[in-house]
Amino acid sequence: MSTDLFQAPDYFQLDELLNDEHKLVREAARDWVKREVSPIIEDSCQKAEFPKHLISGLADIGAFGPYIPAEYGGAGLDQISYGLIMQELERGDSGIRSTASVQSSLVMYPIFKYGNEEQRQRFLPKLASGEMVGCFGLTEPDFGSNPAGMVTNFKDMEDHYLLNGAKLWISNSPFADIAIVWAKNEQGRIKGLIVERGMEGFTTPETHNKWSLRASATGELVFDNVKVPKENLLPNKDGLGAPLGCLDSARYGIAWGTIGAAMDCYDTALRYSKQRIQFGKPIAGFQLQQKKLAEMITEITKAQFITWRLGVLRNEGKATTAQISMCKRNNVDMALTIARDARQMLGGMGITGEYPIMRHMMNLESVVTYEGTHDIHLLITGLDITGENAFK
Ligand code: TGC
Ligand code: FAD
């Protein structure tokens, strides 16, 4: 891959809305991505390997539990800083941001929010430092967009729970030390369980042949009469609202993250278009290419502002699920459109690993699907504004 020459676009001086801590956190993440991610990421994707050696660096820049209080090992940052870290990571690669999203919002968050003090003390510091990596099991082979239908279940055996079922499409599962697993109890109520690697009957086969998110490990979680100790049940919340609450936090991170991917595609296409000569002049001088670039910077700028505003609302505890959903949907769609246009602007070079665009484009095909598909998010907005449920 060519040298990372990334320059972040800030067309409407959004920086003036950030405080010193936000900028410091962002610069640390940006520098780290340039130094550690950019030089190796193309190779990891070609080999379809998650670069595990990045885990300690992710912990060092505060990407594991940015908003979890410092007493549990988190970085104790606000929601804007959390978002900016996700933006910088996904500027590098969606798979690296995925690993941080899952660890922070889908593993540390439910333990912090729904766990007891003993569980917080036992797991959060190790997850924050990267000594332990987690994954989140909600999706099942027959229940993706409709997790309420899940069949994974556990029975109360008095001195332990007995867990059976399977989860599919689980980020980080092949190497995770623990899994937050959502399963139904005998009353059909959804609860969260912390399942630990090494428990008998628990396996995590890897899913191969992905054309997308190749630098992120994806797999299954299979439970065959797994004995889960009673102290591993998350006691403080049940029902589908528990996993959906975690998704609010992760979807918010994705909204920021996809701005990073879009910025990288725009910045790459802009630089290339100024250097590439056809018909005797830089292709940046042709109206059709300028139209693409002008639309890209406009859409990035609009996304930056709704996402910053969402961060402010989250800091104030006022952001709704529907607002987060709209922002995730809009920003992934924006990034995917920009990636496709940017790829065309590079002509044949756009399909090579010399430039990051095709990799972002392929990654974003997963991002538009996970954490709720584009269609599901349209229906969430539809329900919110009309009061009519079109899911069922
Ligand atoms: P619905 O009836 O709307 O709600 C069921 C219960 O949940 C409550 N609730 C919430 N609670 C807290 N926070 C939220 N955001 C909540 N949203 C809803 C709700 O009040 C209700 O409570 P109760 O007490 O009455 O039971 O549920 P539904 O079955 O109609 O489903 C709605 C729908 C379709 C929007 C939801 O199922 C959905 O979002 N589906 C999409 C599935 C999805 O996003 N899966 C993601 C899997 S994880 C993943 O992809 C990780 S990728 C990570 C990476 O690599 O980065
Ligand atoms: P389906 O639900 O079968 O949807 C298929 C199509 O039907 C979609 O286009 C959808 O929009 C549409 N559709 C479904 N219902 C409706 C409706 N009511 N109205 C209109 N259209 C509808 N899950 C986890 O739990 N943990 C993870 O860590 C995780 N990581 C992932 C990593 C990757 C790389 C991928 C690809 C997925 C991951 N997922 C994870 C799963 C992801 O959340 C699901 O793929 C997603 O929720 C969609 O479910 P599905 O694939 O079963 O599609």
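For the single chain, residues carry numbers from 1 onward in sequence order. Reckoned from all heavy atoms, side chains included, excluding hydrogens, waters and symmetry mates. Atoms within a ligand are numbered from 1 in the order they appear, just like the ligands themselves.
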**Nearest neighbour in protein (non-hydrogen) for atom 45 (O) of ligand 2** = Thr369 CG2, 3.8 Å

**Request:** Under the side-chain contact (heavy atoms from CB on, under 4.5 Å) rule, collect the residues that match up with Asp238, sequence neighbours excluded.
**Result:** Arg189, Lys191

**Pair Asn185, Asp156: side-chain N/O donor-acceptor within cut-off below 3.5 Å** = no

**Atoms of ligand 1, numbered as shown, that sit under 4.0 Å from any heavy atom of Val102** = 53 (C), 54 (C), 55 (O)

**Message:** With the threshold set strictly below 4.0 angstrom, can you tell me whether any protein non-hydrogen atom sits that near atom 14 (C) of ligand 2?
**Reply:** yes

**Item:** Sub-4.0 Å atoms of ligand 2 with respect to non-hydrogen atoms of Leu138
**Value:** 25 (O)

**Message:** With nothing but distance in play, are any N or O atoms of Lys237 less than 3.5 Å from an N or O of ligand 1?
**Reply:** no

**Message:** With a 4.0 Å cut-off on heavy atoms, is Gly239 in contact with ligand 1?
**Reply:** no

**Message:** Tell me the contacting part of Trp169 for ligand 1: side chain, backbone, both, or neither, using a 4.0 Å heavy-atom threshold, strictly below.
**Reply:** neither

**Message:** What verdict does the salt bridge (charged side-chain N to carboxylate O under 4.0 Å, His left out) test give for Glu27 and Lys23, after you've listed the backbone C-alpha separation in whole Å, the side-chain angles of each residue and the deciding distance to 0.1 Å?
**Reply:** CA-CA 6 Å; Glu27 292 320 303; Lys23 290 183 209 164; over 6 Å; no

**Request:** Kindly state if atom 30 (N) of ligand 2 has a protein heavy atom within a strict 4.0 Å cut-off, that is, under 4.0 Å?
**Result:** yes

**Request:** Taking only heavy atoms of Phe136 into account, list the atoms of ligand 2 that are under 4.0 Å away from them.
**Result:** 24 (C), 25 (O), 26 (N), 27 (C), 28 (O)

**Message:** One residue to check: Asn389. Relative to ligand 1, which of side chain, backbone, both or neither has a non-hydrogen atom less than 4.0 Å away?
**Reply:** neither

**Asked** To which of Met86, Arg189, Glu90 does the heavy atom nearest atom 24 (O) of ligand 1 belong?
**Response** Arg189

**Message:** Below 4.0 angstrom, counting only protein heavy atoms, does anything approach atom 56 (O) of ligand 1?
**Reply:** yes

**Request:** Of the side chain and backbone of Leu106, name the one, both, or neither that has a heavy atom under 4.0 Å from an atom of ligand 1.
**Result:** side chain

**Request:** Would you kindly specify which portion of Ser171 sits under 4.0 Å from ligand 2, judged on non-hydrogen atoms: side chain, backbone, both or neither?
**Result:** both

**Best match, Phe391, Trp182, Tyr370: closest heavy atom to atom 35 (C) of ligand 1** = Phe391

**Prompt:** By number and element, which atoms of ligand 2 are closer than 4.0 Å to a non-hydrogen atom of Leu213?
**Reply:** 34 (C)

**Request:** Within a distance under 4.0 Å of any heavy atom of Thr139, pick out the atoms of ligand 2 and give their elements.
**Result:** 23 (N), 24 (C), 25 (O), 40 (C), 41 (C), 42 (C), 43 (O)

**Asked** Quick one: does ligand 1 sit under 4.0 Å from the side chain of Arg251, the backbone, both or neither, non-hydrogen atoms only?
**Response** side chain

**Prompt:** Contact between Ala250 and ligand 1, counting heavy atoms under 4.0 Å?
**Reply:** no

**Complete:** Quick note on ligand 1: atoms under 4.0 Å from a heavy atom of Ile380 include exactly 35 (C)

**Request:** Could you tell me if any non-hydrogen atom of Thr218 lies under 4.0 Å from any atom of ligand 1?
**Result:** no

**Prompt:** Under 4.0 Å from any heavy atom of Thr373, which atoms of ligand 2 are there?
**Reply:** 10 (C), 11 (O), 48 (C)

**Request:** Would you indicate which of Leu379, Asp142, Asn172, Ile170 comes nearest to atom 19 (N) of ligand 2 when only heavy atoms are counted?
**Result:** Leu379

**Complete:** With heavy atoms and a 4.0 Å threshold, my read on which part of Leu244 contacts ligand 1 is both

**Request:** From the options Lys210, Arg359, Arg340, select the one residue that forms a salt bridge (Lys or Arg N to Asp or Glu O under 4.0 Å) with Glu365.
**Result:** Arg340

**Fill in**
Counting from 1 in the order shown, the ligand 1 atoms closer than 4.0 Å to a non-hydrogen atom of Thr139 are 47 (C)

**Message:** As a check for students: among Phe391, Trp182, Trp169, identify the option with a heavy atom nearest to atom 39 (N) of ligand 2.
**Reply:** Trp169

**Message:** If you take the nearest heavy atom of each of Ser145, Ser101, Ala250, Gly219, which one is closest to atom 53 (O) of ligand 2?
**Reply:** Ser145

**Complete:** Under 4.0 Å between heavy atoms, the region of Ser98 that gets near ligand 1 turns out to be both

**Prompt:** ligand 1 and Ser145, any nitrogen or oxygen pair closer than 3.5 angstrom?
**Reply:** yes

**Asked** Are any of the N/O atoms in Asp248 less than 3.5 Å from those in ligand 1?
**Response** yes

**Message:** Need the ligand 2 atom indices (1-based, order shown) with element for anything under 4.0 Å from a heavy-atom of Asp375.
**Reply:** 9 (O), 11 (O)

**Asked** What's the shortest distance from atom 50 (P) of ligand 2 to any protein heavy atom, and which residue and atom give it?
**Response** Gly144 CA, 4.0 Å

**Item:** Closest approach of any protein heavy atom to atom 33 (C) of ligand 2, naming residue and atom
**Value:** Tyr370 CD2, 3.7 Å

**Prompt:** Is Gly144 in contact with ligand 1, taking contact as a heavy-atom separation below 4.0 Å?
**Reply:** yes

**Message:** As an exercise, identify every atom of ligand 1 less than 4.0 angstrom from a heavy atom of Ser171.
**Reply:** 54 (C), 55 (O)

**Request:** Using a strict 4.0 Å cut-off to heavy atoms of Glu371, name the atoms of ligand 2 that fall inside it.
**Result:** 43 (O)

**Nearest option to atom 12 (C) of ligand 1, as decided by whichever heavy atom of Ser216, Gly241, Gly137 sits closest** = Gly241

**Asked** What part of Leu213, side chain, backbone, both or neither, has a heavy atom within less than 4.0 angstrom of ligand 1?
**Response** neither

**Within-cut-off N or O pair, Arg97 and ligand 1, under 3.5 Å** = yes

**Message:** Counting only heavy atoms closer than 4.0 Å, does ligand 1 sit against the backbone of Ile254, its side chain, both, or neither?
**Reply:** neither

